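Worksheet: one structure, shown below.
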Amino acid sequence: MFLMDYSEGQGWHTPRIVPYAPIVLDPAAMVFHYAQEMFEGMKAYIAKDGSVRLFRPDMNIARMNRTNERLCIPELDKADVLQAISAVVNYEKDWIPTDEGTSLYIRPFIIATDAHLGVRPAHNYIFCVILSPVGAYYPEGINPVKIYVEDEYVRAVKGGIGFAKAGGNYAASLRAQAKAKKLGYTQVLWLDGVTRKYIDEVGTMNVFFVIDGEIITPALEGSILPGVTRDSVLALLRMWGYQVSERKLSIDEVFDAAKAGKLDEAFGTGTAAVISPMGELNMDGDIIKINHGEIGTISQKLYDTITGIQYGALEDKFGWSLKI
Ligand SMILES: Cc1ncc(COP(=O)(O)O)c(C=O)c1O
C-alpha cells in the first residue's frame with residue numbers, strides 16, 4: 001500500500017510503498033470521533049495491448065481536492081497523487097486480473113490522526129492507497145435491478161457534504177439501504193432532502209432517465225456526487241447527438257411518464273458497474289416496470305462504449321484512458 005503523512009508546518013511528507021498492514025492509531029484519533037475522512041474509488045485495467053490503464057484519474061484526483069476542501073483536509077498535489085497511484089499500481093500489477101470485465105480496484109483515502117477530543121480540523125493526517133483485484137460486475141450479463149423510492153430517509157442535503165466523497169455520507173445511507181433490502185429491493189432511489197420530490201441519486205450511483213426522447217439526469221446542486229461515469233455518459237450522449245438535460249426531475253414526472261408509456265430506460269452510473277439498468281421502481285406500493293425489466297439500447301450502447309474505451313478495445317476520442 002502507499003502511505004504519506006501530513007503534519008502541520010511540514011505539509012505532506014514521507015511518501016512510501018510499504019507492505020499491506022494494519023494502521024495503528026491512538027483511540028482518541030479524530031477520525032474515530034468526528035469522521036474527518038475522505039476516500040476515492042477508481043480502477044486499473046489491463047488493456048487489450050497488455051498495458052496498465054487508468055480511466056480519467058484526473059477527475060478522481062480533482063474530486064479528492066474538492067472533498068478535502070469541504071472537510072478542511074489539506075489539499076494534495078495532483079501530480080503527486082497520480083504518481084503515487086501509478087507507482088503502487090505498477091508495483092502490484094501482477095495482481096490485476098485479466099479476464100473480461102475484471103480490474104484492480106484502487107481505494108485512496110485520508111484520515112485525521114490527531115489524538116484530540118475537541119472538535120476542530122486535525123493537524124495530522126495519513127493518506128493511504130490500498131488495492132484489491134475485483135471480478136466482473138456482471139458475470140452473467142447485465143441484469144436490471146429493482147429499486148425502492150425512499151421517501152423517509154435522505155442521503156444528503158444542499159449545503160451539506162453530498163457532493164463530497166466522505167465516509168459519513170455512506171454511514172448515513174445504511175439505514176435506508178437495509179430497509180430496501182428487507183423489502184426485496186436492491187437499492188434505493190434517493191429524493192432531495194428538502195421536499196422529497198426531486199430525484200438525487202440511486203444507491204451509490206448517479207441516475208439517468210430516458211423520457212420521450214429526452215435523456216435526463218439531475219443537475220449537480222450540492223447534494224449529488226459528481227460522478228466520473230456520469231460526466232463520461234453525458235459527453236458520449238452529446239457526441240452521439242441525443243437530447244440531454246441536466247435539470248431537476250421530480251419522481252412524479254417519472255411515474256407519470258411511465259404510466260403514459262413514455263419512460264423508455266432508467267439506469268445508474270458509477271465506477272463499480274459502469275451502467276446499472278433499473279427494471280422496476282416502487283414508490284410506496286405504486287410499482288412501475290421499465291423496458292419490461294430488460295436493458296435498453298442506450299444503456300447497452302453506453303456500457304459497451306465505456307468498457308471498450310477502458311479496456312483499449314475502442315477508439316478513445318476523448319483521451320480518457322491513461323497508460324501508466
Ligand atoms: C454516492 C455516489 N454517487 C455516484 C457515484 C458514481 O461516481 P463515479 O462515476 O465517479 O464512480 C459514486 C461512486 O462510485 C457514489 O459513491
Side-chain angles (χ1 to χ4, degrees), residues 35 37-45 53-68 70-71 81-82 85 101 103-110 132 134 137-138 145 147 150 153-158 160-177 180 186-193 198-209 217-237 246 249 266-278 299 302-303 305-307 309-310 318 320-322:
E37 183 270 359
M38 67 81 61
F39 70 98
E40 264 302 326
M42 52 210 285
K43 287 174 170 177
Y45 311 85
R53 306 215 189 175
L54 302 176
F55 183 71
R56 308 190 73 186
D58 51 315
M59 296 278 288
N60 294 90
I61 294 169
R63 190 168 66 191
M64 286 182 87
N65 272 339
R66 289 198 303 272
T67 302
N68 288 344
R70 179 64 180 81
L71 298 180
V81 178
L82 183 58
I85 291 170
S103 56
L104 186 75
Y105 187 74
I106 305 168
R107 167 55 58 87
F109 64 99
I110 299 173
S132 173
V134 285
Y137 199 89
Y138 296 114
V145 291
I147 302 294
E150 177 55 53
Y153 302 113
V154 298
R155 192 190 84 90
V157 290
K158 196 172 169 176
I161 59 170
F163 71 90
K165 212 157 163 71
N169 284 329
Y170 299 80
S173 75
L174 298 175
R175 175 52 54 207
Q177 170 65 30
T186 308
Q187 275 298 349
V188 301
L189 189 72
W190 297 107
L191 302 179
D192 80 274
Y198 298 99
I199 296 167
D200 266 2
E201 301 198 52
V202 61
T204 55
M205 293 188 168
N206 296 116
V207 67
F208 287 74
F209 293 86
T217 192
L220 302 175
E221 292 174 348
S223 59
I224 295 173
L225 189 82
V228 177
T229 321
R230 175 188 184 277
D231 188 82
S232 310
V233 162
L234 286 171
L236 287 169
L237 292 172
E246 293 176 74
L249 175 65
F267 54 91
T269 67
T271 296
V274 185
I275 301 292
S276 175
M278 296 183 250
S299 311
L302 285 164
Y303 180 82
T305 306
I306 293 175
T307 54
I309 294 171
Q310 287 169 337
F318 293 98
W320 285 339
S321 183
L322 181 74

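Just follow the structure's listing: the first ligand is 1, and inside any ligand the first atom is 1. Computed from a prediction, not measured in an experiment: that's the story for all the values here. Heavy-atom basis, side chains included; hydrogens, waters and symmetry copies ignored.
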With a 4.5 Å cut-off on side-chain heavy atoms, are [Y] and [X] touching?
X: F318; Y: R56; result: no
X: Y170; Y: T204; result: yes
X: M205; Y: F267; result: no
X: R66; Y: P226; result: yes
X: V134; Y: K43; result: yes

(request) Evaluate the side-chain contact (heavy atoms from CB on, under 4.5 Å) criterion for residues E246 and R230: first the C-alpha distance (whole Å), next the side-chain angles of each, then the deciding distance (0.1 Å), finally the verdict. (result) CA-CA 11 Å; E246 293 176 74; R230 175 188 184 277; 2.9 Å; yes
In the protein, what heavy atom is nearest to [atom], and what distance, to one decimal place, separates them?
atom: atom 16 (O) of ligand 1; answer: Y170 OH, 2.5 Å
atom: atom 7 (O) of ligand 1; answer: G227 CA, 3.4 Å
atom: atom 4 (C) of ligand 1; answer: E201 OE1, 3.2 Å
atom: atom 11 (O) of ligand 1; answer: T271 OG1, 2.6 Å
atom: atom 15 (C) of ligand 1; answer: T204 O, 3.2 Å
atom: atom 9 (O) of ligand 1; answer: T229 OG1, 2.6 Å

Atom indices of ligand 1 within 4.0 angstrom of [X] heavy atoms, with elements:
X: N206; result: 4 (C), 6 (C)
X: G270; result: 6 (C), 9 (O), 11 (O)
X: L225; result: 2 (C), 3 (N), 4 (C), 5 (C), 12 (C), 15 (C)

(request) State if R155 counts as touching ligand 1 under the rule of any non-hydrogen atom under 4.0 Å. (result)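 Yes, that is the case, since the closest heavy atom of the residue is under 4.0 Å from the ligand.
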(message) Tell me whether R107 at atom CZ has more than 12 heavy atoms from other residues, nucleotides or ligands lying less than 6.0 Å away.
(response)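 Counting other residues, nucleotides and ligands, CZ of R107 exceeds 12 neighbours.
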(request) Mind listing the closest non-hydrogen atom pair of E37 and L71 along with its distance? (result)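 Heavy atoms only, the tightest pair is O-CD1, 3.2 Å.
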So, is [X] polar-close to ligand 1, with some N/O to N/O distance under 3.5 Å?
X: V228; answer: yes
X: R230; answer: no
X: T269; answer: no

(message) Going by the closest heavy atom to atom 13 (C) of ligand 1, which one wins out of M205, R56, K165?
(response)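 Considering heavy atoms of M205, R56, K165, the nearest to atom 13 (C) of ligand 1 sits in K165.
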(message) Before you tell me yes or no, could you show the steps for T269 and I275 under side-chain contact (heavy atoms from CB on, under 4.5 Å), namely the whole-Å CA-CA distance, both residues' side-chain angles and the distance that decides it to 0.1 Å?
(response) CA-CA 5 Å; T269 67; I275 301 292; 3.9 Å; yes
